[in-house]
Structures are given as C-alpha cells and as structure tokens.
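Small disclaimer: the values here were computed from a predicted structure and weren't measured. Labels below follow one simple rule: chain letters A, B, ... track the order of the sequence lines, proteins then strands, and each chain is numbered from 1.
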Protein chains: 2
Amino acid sequence: MGKKQSLAQRVTIWLVEDNIHFQKTLAELINETEGMRCAFGFTSCEEALKTLESSEPPEVILLDIGLPGMDGVEGVKQFKAASPSTNIIMLTIHDDSINVFNALCAGASGYILKDSSPENAIEAIKEVLAGGAPMNASIAHTVLDLFTSLAAPKGNYGLTDREKEILKLMVNGSTKKKIAKQLFLSFHTVNTHLKNIYIKLQVHTLSGAVSKVYKENLL
Amino acid sequence: MGKKQSLAQRVTIWLVEDNIHFQKTLAELINETEGMRCAFGFTSCEEALKTLESSEPPEVILLDIGLPGMDGVEGVKQFKAASPSTNIIMLTIHDDSINVFNALCAGASGYILKDSSPENAIEAIKEVLAGGAPMNASIAHTVLDLFTSLAAPKGNYGLTDREKEILKLMVNGSTKKKIAKQLFLSFHTVNTHLKNIYIKLQVHTLSGAVSKVYKENLL
DNA sequence: TATACAATCGCACATTCGTGGTATATTCCA
DNA sequence: TGGAATATACCACGAATGTGCGATTGTATA
C-alpha cells in the first residue's frame, strides 16, 4: 500500500496533542520533512472529530493517548469509525501498556514514546505508510503478554467437567429443562449443578455467570 | 531478565523441526555461536515433550509451526504448560499469519521466517533472551490486524443508546428491578427495553443476549 | 477403611423472567 | 405538519430461575 509523494502530493498528517509545545515541535518537524504536511494541530479529540466531518481525512493521525475529555483510546475508535483508512499512531509515555494495548485493539497502527526523539515520529509515520507497525521489541513483547493473558486459560474456579459442560450449554442460551433432556438428566440434577456453579463463580444470576465465562475465558 | 553466559554456562536450545537438513543447519549455527548450545533436535513435538519429562527444560525452543502429528500451535500450549519459563520461537513460512497468530496467543514469544537467513534465528534467540519479541514490522501489523478483526467487528443490531445502557447492566449480572432503581426508571420501562433488545438480537433469554454481546463485541 | 468429592435426584417456594397486550410524551425529520 | 423513532409506563400470567433444605450412589485417595 506504499504511496509515492512528490512535493506537490504530500501525505497529510494531523496532530492531536494537548501539550502545545510538543505539538508545535512535532508539526515543525513534519513540515520540514519531504513528502509530509501537518494540516492541523488539535488539543482534543472532540475538535479533531468535528473537523473530520467537513474535511478530507488525513493519511495519518498522531494521537496523544492521555487527553483531557475524550481519551486517546476512545478517540481511536471514533476516528476509525469515521475514517477507517486513516492510520493512527499513539503518542504515549512509559508504563502505559494497558492503554497502548487497548488503543491497538481499537485500531491504532502503532505507537511511539513521547520522550523518544521527535525524529522517531517521522520514522514511525514512514513505517506506517509502508504498511508496518511501529512498535519496538519490548513493547511487542508487552502486547503479546497482555494478549496471551487475555486469550489463555485464566482463572480456574474448580469447576468439574460436568459443571463446565452444563455451563457451556447455559451460555449458549439454553434452559435448564432443555439441558436436562439433552444430557438425559433430571431437571433437578441440572439445577443442582448450576447451583454449585453459582457458588463457585460467586454469582447469583445466569447472566453473571455467562459474563464471567467470557471475561475470564473459562470453559 | 537478561542473563550473562560464559562459555561454561551456555543457553540451552532445543530444535523441533521435521526437515532434518534445516534442523542440522540451525543446530550447527547455534553451536558455533558463543553462549548457545543446541541440546536436542527433534522431528516432532511428541518426542520433545517426552524428553521434557526427564530433562531440564531449555531456555529456548525453536519450533516448526507446521509439523506432522501435533502441530506447532498445539505444541506451544503443551510446552508452555510443562515449562512456562521456556521461550518459544516459531519457525514458519510466509502467509501463515493465522497460525502465527494462534501460536502467539498460545504463548510463543515470536517467530522467524524459514526462508530468511539462518543467522536471523540467532538474532531472534538473542532478542528473546533479552526480553524482546522477534517480529518484523509487517508481521506485527498482520498480528494487529487479526487482533483488531477479532476485537472489532461490531455487529450492529440497531440498539439505541438506552437499550445499550440497560443491556450493559444486565450483562454484568444485575436484575431488571435493580436497574430500574439505578436508572430511576419504572420496572416496566426496563422490561419494555429488554423486550425490544431481545427482538433486535433475536434471542429469548438473557444468557443468549449476554453471549451475543461478548461473541460479537456489542456495546 | 474412612472420608472426601463428584454426580445423581428430589421438593418447596419466593422471586424473576419472557411475552402478550396498550398507552403517552418527545424529538426529529421528511 | 404529520408520521417514525424513541423513551417512558402499566398490566397480567405462565414459565423459568434462584435457593433453601435434603438424599443416594459411586470413585478416589489418604
């Protein structure tokens, strides 16, 4: 998806960063770079989203992850919804892997650390335009860790196989009566199992149990 | 988590790769590298897992993703279950992003392309030992895309904001009565909303709705 | 061998759900 | 201006759930 830019056809970039000073530094750097143009600088997602309604969407948005008002993660969602082809690079500080992770999930293409040299931002933009994902090794690792922790078998509440089997069927929208028929059990048995499941999961409703199953990847 | 190795204290590496020729090439390269030792070369996960029962687990396993018998993805799970501290690097071919993705989810630390120069493998091992995740930019991007596609495809059933709000509370295990209190609404109103939610989601039970919410990433 | 655990089955009863109706006020848009 | 959509509210009733008590079998396993 690489594009070639002449001086006349520059890649359009928007900045969303509430630190005016940092924003200005970045904007200048971008405009000094051949093939790039910083079209707008905003201090909030709201402003940028408003502008997006009446302007050509940019190729790239550099988006601060910790903004007042609508934060960067929510911002990514909205930008992506309004203009899916726009690439978003998060600006973030150290030790914010949760937010980075969420932003990536929401559709961000990568991120750069604010305290790295501003030139890195230019590199990151080039990388994104070339179809890459700016992410250093240690952060890729962090992301994978979080990823794994989300996808891998999680909390075990000591559910027995039978309980898991029944819970699985309940999760899929079945009723106790139907499950009893399906497993050739008495309704009372299913009832008892479900009672024990509730105790183990510490919930009092089926929806709570189902929710827990998905949130913590049980079964 | 970086470790320093003297010649006496080499990092132990295992290979699991059914192509004997490639396995041999890698093993030689590893043994020529200071601080690394290829302890075993297997042609199947089963063999390697068996050996793991009676041997010190290695620091790193290079694992072919497309093996006969137990495939690499399943292999990762088993290795990780038996020895969580072992780092696993997948050996893969191009255009196998699904498997790479699954392997990463299962706990792999990164991967390298088989057709890249074998020296890359050494670099990847060093990177993993240093706490990184060997993944080039374009593959990080692929992973994120898959990631996003798993996390993002929000089916839209035309739920209104109010309906979403109520559904969100129900999902968390609340009851209609409590929600009514919480939102300063009549029980009947909540009831009506939920009725409409069921119609829109085409379900007849709360568990079915909750399940749909998680499966299709609504809300 | 004793005992803990899992799986099975039972009853009763209050609570909550699911679903069929109907109805009013507001807002938005054609 | 006049529907369409949304949010609000009410009623009734059978069905299902949640939870309090039990009980009897096996099967491990300490």
Side-chain angles (χ1 to χ4, degrees), chain A residues 46 49-50 53-54 78 81-82 153-216 218-219, chain B residues 53 154-216 218-219:
Chain A
E46 287 84 348
L49 283 165
K50 189 138 207 142
E53 289 170 12
S54 54
Q78 307 254 349
K154 261 205 151 178
N156 187 350
Y157 290 86
L159 294 176
T160 66
D161 288 343
R162 196 54 153 172
E163 286 164 353
K164 284 180 191 171
E165 188 179 15
I166 286 170
L167 183 52
K168 196 177 289 181
L169 293 170
M170 286 303 282
V171 162
N172 285 357
S174 197
T175 66
K176 297 192 234 177
K177 206 188 274 184
K178 282 183 187 169
I179 291 172
K181 232 164 221 161
Q182 200 173 330
L183 298 182
F184 305 102
L185 291 175
S186 150
F187 167 82
H188 304 291
T189 303
V190 177
N191 202 26
T192 302
H193 282 308
L194 207 53
K195 250 188 289 189
N196 293 327
I197 290 169
Y198 285 177
I199 291 170
K200 287 179 180 176
L201 297 188
Q202 301 185 72
V203 296
H204 300 276
T205 60
L206 181 52
S207 53
V210 174
S211 200
K212 211 148 194 171
V213 164
Y214 281 103
K215 271 186 194 160
E216 311 193 13
L218 313 173
L219 305 188
Chain B
E53 288 171 14
K154 299 202 171 197
N156 188 358
Y157 291 87
L159 293 177
T160 67
D161 288 343
R162 198 53 153 171
E163 286 165 352
K164 284 181 189 170
E165 189 179 16
I166 287 170
L167 183 52
K168 197 177 288 182
L169 294 168
M170 287 303 280
V171 163
N172 284 355
S174 196
T175 66
K176 298 191 228 174
K177 205 189 269 185
K178 282 184 186 168
I179 291 172
K181 232 163 220 161
Q182 200 173 330
L183 298 182
F184 305 102
L185 290 174
S186 151
F187 167 83
H188 303 290
T189 302
V190 177
N191 202 25
T192 301
H193 282 308
L194 207 55
K195 247 188 294 190
N196 293 326
I197 289 169
Y198 285 179
I199 291 169
K200 286 180 180 175
L201 297 187
Q202 302 186 72
V203 297
H204 300 277
T205 61
L206 182 51
S207 53
V210 173
S211 202
K212 210 147 196 173
V213 164
Y214 281 103
K215 271 186 194 159
E216 309 193 15
L218 312 173
L219 303 188

Task: For A:Glu165, salt bridge (Lys or Arg N to Asp or Glu O under 4.0 Å) partners two or more places apart - done: A:Arg162
Open item on the list: Across nucleotides 8-27 of chain C, 5' to 3', mark each nucleotide with B, S or - according to how protein heavy atoms within less than 4.0 Å reach it.
Closed with: BBBB----SSBBBB------
Task: A:Lys168: partners by side-chain contact (heavy atoms from CB on, under 4.5 Å), with sequence neighbours left out - done: A:Leu219
Open item on the list: Five pairs per end, C1' atoms only: what is the angle between the end axes of the helix from C:dT1-D:dA30 to C:dA30-D:dT1, to 10 degrees?
Closed with: 50°
Open item on the list: Enumerate the side-chain hydrogen bond (donor to acceptor under 3.5 Å, both in side chains) contacts for residues 198-213 of chain A, please, sequence neighbours excluded, ordered by first and then second residue.
Closed with: A:Glu163-A:Lys200, A:Thr205-A:Ser207, A:Ser211-B:Tyr214
Open item on the list: Return a single string for nucleotides 24-30 of chain D, one symbol per nucleotide in 5' to 3' order, where B is base contact, S is sugar-phosphate-only contact and - is none, cutoff 4.0 angstrom on heavy atoms.
Closed with: -------
Going by atom type alone, with no hydrogens or angles, which donor-acceptor pairs under 3.5 Å involve a side-chain atom of residues 189-197 of chain B and a protein atom two or more places apart or on another chain?
| unit_1 | atom_1 | unit_2 | atom_2 | d |
| --- | --- | --- | --- | --- |
| B:Asn191 | OD1 | B:Lys176 | NZ | 2.7 |
| B:Thr192 | OG1 | B:His188 | O | 2.9 |
| B:Asn196 | ND2 | B:Thr192 | O | 3.3 |

- [ ] Identify the heavy atoms of B:Glu216 and B:Tyr157 that sit nearest to each other, and give their distance.
- [x] OE1-OH, 2.7 Å
TODO: Round to the nearest Å and state the distance from B:Ile199 atom CD1 to D:dA5 atom C1'.
DONE: 15 Å
Task: Whole-Å distance separating the CD atom of A:Gln202 from the P atom of D:dG18 - done: 16 Å
Task: Euclidean distance, A:Ile166 CD1 relative to A:Asp161 CG, rounded to 0.5 Å - done: 11.5 Å
Open item on the list: Between A:Lys164 and A:Val213, does the side chain to side chain contact (heavy atoms under 4.5 Å, CB included) criterion hold? Intermediate values first, please.
Closed with: CA-CA 10 Å; A:Lys164 284 180 191 171; A:Val213 164; over 6 Å; no
Task: Partners passing salt bridge (Lys or Arg N to Asp or Glu O under 4.0 Å) against B:Lys181 (at least two apart in sequence or in another chain) - done: none
Task: Euclidean distance, atom CG of residue A:Leu201 to atom P of D:dG18 [Å, nearest integer] - done: 12 Å
Open item on the list: Using the side-chain hydrogen bond (donor to acceptor under 3.5 Å, both in side chains) criterion, which residues pair with A:Gln78? Sequence neighbours excluded.
Closed with: A:Glu74
